[in-house]
Amino acid sequence: MVYSVEEVAKYFLRKSSPGTIWAIDPLKLQKLTFYGEAYYLAISGGTHERLINDCEFEAWVHGPVCRKLWQKYSNYGYDDIPTYVGKTELDEDEFATFVLDFVWNKYGHESGKTLEMRTHNEDPWKNARGNKSPQSRSRSIISIENMFDFYKDEININYM
């Protein structure tokens, strides 16, 4: 199954705890949803089935960004987004929730700035930006193939 980026965001926001290391601001939400998509591709074993059906991640200055998600949550600026209370469409999807819980356990305690710096050191963001300087604007799409190739290797190196 594929889901909207908003459903994936709500899944993570339901786990958040404002005012703690588990809080989520807009920058962190972008990176968590990006990692959700990337690890979903990697863990699904190369089927290239996507988790998110309504968004492409772009290689912005501050790391991967889904424009649709940015439009919805950018008004929070650097502030924590409130915890989401309620169900998501993902709740009954065991594989998707397994992957998103994996991402949450791996990155949920890190700040958005830390996750930004992490993505800056990873090939999918770097490849999409090409020769652009780190501070140059970019709308270049981060390719699904690059995401799959890089994060499948991350899983093999670090977790299997």
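Residues take their numbers from the sequence shown, with the count starting at 1.
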| field | Ser140 backbone acceptor or donor facing Glu58 side chain under 3.5 Å | value | no

| said: Checking the side chain of Ser136 only, and the main-chain atoms of Lys132 only, is there a donor and an acceptor separated by less than 3.5 Å? | reply: no

| said: Is there a path of hydrophobic side-chain contacts, each under 4.5 Å between heavy atoms, that joins Leu29 and Ile21? | reply: yes

| query | Hey, are Glu56 and Arg50 close enough for a salt bridge, meaning a charged N less than 4.0 Å from a carboxylate O? | reply | yes

| task | Verify side-chain contact (heavy atoms from CB on, under 4.5 Å) between Val8 and Leu51, making sure each step is shown before the conclusion. | result | CA-CA 9 Å; Val8 175; Leu51 173 65; 4.0 Å; yes

| said: Any side-chain to backbone donor/acceptor pair from Arg14 onto Val85? Under 3.5 Å, distance only. | reply: no

| field | Heavy-atom closest pair, residues Val61 and Pro134 | value | CG1-O, 3.5 Å

| Heavy-atom side-chain proximity of Thr114 to Tyr107 below 4.5 angstrom | no

| Spacing of Cys66 atom SG and Trp60 atom CH2 [to the nearest 0.5 Å] | 9.0 Å

| Asp80 side chain to Ala23 backbone, donor-acceptor under 3.5 Å | no

| query | Hey, mind stepping through Gln30 and Tyr73 against side chain to side chain donor-acceptor pair (under 3.5 Å) and telling me if it holds? | reply | CA-CA 10 Å; Gln30 289 286 350; Tyr73 291 101; over 6 Å; no

| task | Could you tell me whether the side chain of Ile24 reaches within less than 4.5 Å of the side chain of Leu32, counting heavy atoms only? | result | yes

| query | In terms of hydrophobic clustering (I, L, V, M, F, W, Y; side-chain heavy atoms under 4.5 Å; direct or indirect links), are Ile141 and Leu41 co-clustered? | reply | no

| Over all atoms of both residues, closest heavy-atom pair of Ile81 and Pro18 | O-CG, 3.9 Å

| request: Give the minimum heavy-atom separation between Lys68 and Val5, together with the two atoms involved. | output: CD-CG1, 4.2 Å

| request: State whether the side chain of Thr83 and the backbone N or O of Ser16 hold a donor-acceptor pair below 3.5 Å, judged by distance alone. | output: yes

| request: List the steps, then state whether side-chain contact (heavy atoms from CB on, under 4.5 Å) holds for Thr33 with Val103. | output: CA-CA 9 Å; Thr33 56; Val103 168; over 6 Å; no

| message | Hydrophobic clustering (ILVMFWY, side-chain heavy atoms < 4.5 Å, transitive) - are Tyr35 and Phe98 grouped together? | response | yes

| query | What heavy-atom pair brings Glu116 and Lys113 nearest, and what distance separates the two atoms? | reply | OE1-NZ, 3.0 Å

| request: Please check if atom NZ in Lys72 has more than 12 non-hydrogen atoms from other residues, nucleotides or ligands closer than 6.0 Å. | output: no

| said: Side chains of Tyr11 and Glu89 only: does a donor on one sit below 3.5 Å from an acceptor on the other? | reply: no

| Taking atom CH2 of Trp70 as the centre, does the number of heavy atoms from other residues, nucleotides or ligands within less than 6.0 Å exceed 12? | no

| query | In Å and rounded to the nearest 0.5 Å, what is the CD1 to CG distance from Ile144 to Asp149? | reply | 11.5 Å

| note | Between the CG atom in Asn53 and the CD atom in Glu7, the distance rounded to the nearest 0.5 Å is 10.0 Å

| request: Side-chain contact test, heavy atoms from C-beta onward, threshold under 4.5 Å: evaluate it for Ile43 versus Phe102 and give yes or no. | output: yes

| query | Counting distance only, does the side-chain N/O of Asn127 pair as donor-acceptor with the main-chain N or O of Pro124 below 3.5 Å? | reply | no

| field | Within-4.5 Å side-chain heavy-atom neighbours: Ser143 and Phe148 | value | no

| Exam field: side chain Lys28 to backbone Glu110, donor-acceptor pair closer than 3.5 Å | yes

| Are Val65 and Leu69 joined in one hydrophobic group, where the rule is that I, L, V, M, F, W and Y side chains link up if heavy atoms are under 4.5 Å apart? | no

| said: Quick one: does any side-chain atom of Lys31 pair with a main-chain N or O of Pro64 as donor and acceptor, under 3.5 Å? | reply: yes

| query | If you take all heavy atoms of Ile155 and Ala42, which pair is closest and at what distance? | reply | CD1-CB, 3.6 Å

| request: Could you tell me the separation between the CG atom of Asp101 and the NZ atom of Lys15, rounded to the nearest 0.5 Å? | output: 4.0 Å

| request: State whether the number of non-hydrogen atoms from other residues, nucleotides or ligands found under 6.0 Å of Arg67 atom CZ is greater than 12. | output: yes

| Do you see a donor-acceptor pair shorter than 3.5 Å between the side chains of Tyr3 and Tyr40? | no

| said: Check the orientation of Phe34 and Phe57. Use parallel for under 30°, tilted for 30 to 60°, and perpendicular for over 60°. | reply: perpendicular

| said: Using a 6.0 Å cut-off, check whether atom CZ of Phe95 has over 12 heavy atoms from anything other than its own residue. | reply: yes

| Side chain Arg118, main chain Glu122, donor-acceptor under 3.5 Å | no

| note | Taking every heavy atom of Thr97 against every heavy atom of Leu90, the minimum-distance pair comes out as CG2-O, 3.1 Å

| request: Working to the nearest 0.5 Å, report the span between CG of Leu100 and CD of Glu37. | output: 10.0 Å

| remark: Rounded to the nearest 0.5 angstrom, the CH2-CD1 distance for Trp125 and Ile142 is 9.0 Å

